[in-house]
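Below you'll find the structure, written out as structure tokens, and then a few comments.
For clarity, every value in this text was computed on a predicted model and none was experimentally measured. Along the sequence shown, the residues carry numbers beginning at 1. Atoms considered below: every heavy atom in the structure, side chains included; atoms not considered: hydrogens, waters and symmetry mates.
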Amino acid sequence: MMRPYEQRFVWNLDWNLLRTFMVMVEQGGITPAATFLGLKQPTISSALKRLEAQVGKRLVNRSSTHFSVTPMGEVLYRETSTIFGSVMQLPILLSGAEDAVTGQITIALASHIACPHFDAVLERFNAAHPDVTYTLSINESEEVITRVEQNRVSFGICLVSHKRPKLNYRVLYREYFGHYCGPGHRLFGKTGLKLSDLQDEVAVSFQTDSSAGPLFELAGLRARAGMRSELKGVSSSLSEVRRMIMCNVGIGALPIHVAARDVAAGRLWQLPPATNLPAIDIHVVTNPARSQNRAEAVLSQMLADEITGTPLPERSYS
């Protein structure tokens, strides 16, 4: 049972203040939040003061040159984001209340997702249910998982370094990474290369191949080749890592099945090693607390059936 104070708090809270606070945190300050919302800066400052008065806690530390969120503000932002995700679902749930499969599907994906099995499911689903609409967004894997946790997307497809306990994970496919260089590199087009030929070469890679990231095995691949440990270029986007490789900024690792077309077109050249390549699992991440509309429920079931009915070796791309 709620205590009297808690009941008063719920009924007296101005929910618009929560939305303003969430935007403030995501935009990184009062001024950018005002620009984003189309309001004046004093209006945002006043909203922050009113919210802090209602919760009885300082939510941000700010000065003319500094803006940061307090630990209490982090808690409030996290919960507000979850509330916002639930509210975003309301029109979708209402629009999908009929017998027909309708509604909006929002999917957050890491940048390098390339999965023929998923594409085939999406094509079959769209052909069977033409009234469904879609929003697909590209984010870093940790941000994908955060958006799923905050209930702001239907599901996510991404790399996973550590599993958050409230979410569900299923391996969608497995991919293998190999080393590549661009046309301007001294090793481009050469055959019979050995791993030792990559000794002391400079490298580019993804931001998530650090020791704590989901692509940490790529660092091990470079170490096996004796390449320089300090990266010359990093990006969270596969297309930009690919660009750096093609422009000869450095050697880089890419999913073999994704790079195959560029190899065939003469834009990339695969380098050693040819065996014992890093195997990376790509997961479908879902939030069991989400109230799915009909479109989400049907697509999720079709995807689950595809995963269950197709052995992992057939969903492994190399």
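- By the 4.0 Å N-to-carboxylate-O rule, Asp209 lies close enough to Arg222 to be salt-bridged with it.
- A side-chain donor from one of Thr146 and Arg164 sits under 3.5 Å from a side-chain acceptor of the other.
- Among all heavy-atom pairs drawn from Glu217 and Ile280, the shortest one is OE2-CD1, 4.2 Å.
- Arg228 approaches Asp200 most closely through the heavy-atom pair NE-O, 3.0 Å.
- The two residues Phe21 and Tyr77 have their closest heavy-atom pair at CE2-N, 3.8 Å.
- Val144 and Ala110 get closest at one heavy-atom pair: CG2-N, 4.0 Å.
- Classified by interplanar angle (parallel below 30°, tilted 30° to 60°, perpendicular above 60°), the ring pair Phe155/Phe118 is perpendicular.
- A salt bridge links Glu306 with Arg124; the closest basic N to acidic carboxylate O contact falls under 4.0 Å.
- Glu296 and Ser154 share a donor-acceptor pair across their side chains, judged by distance under 3.5 Å alone.
- For Arg267, the CZ atom is densely surrounded, since the number of other residues' heavy atoms within 6.0 Å is greater than 12.
- For the residue pair Tyr317/His117, the side-chain donor-acceptor check at 3.5 Å is satisfied.
- The environment of Arg224 atom CZ is dense: over 12 non-hydrogen atoms of other residues, nucleotides or ligands sit within 6.0 angstrom.
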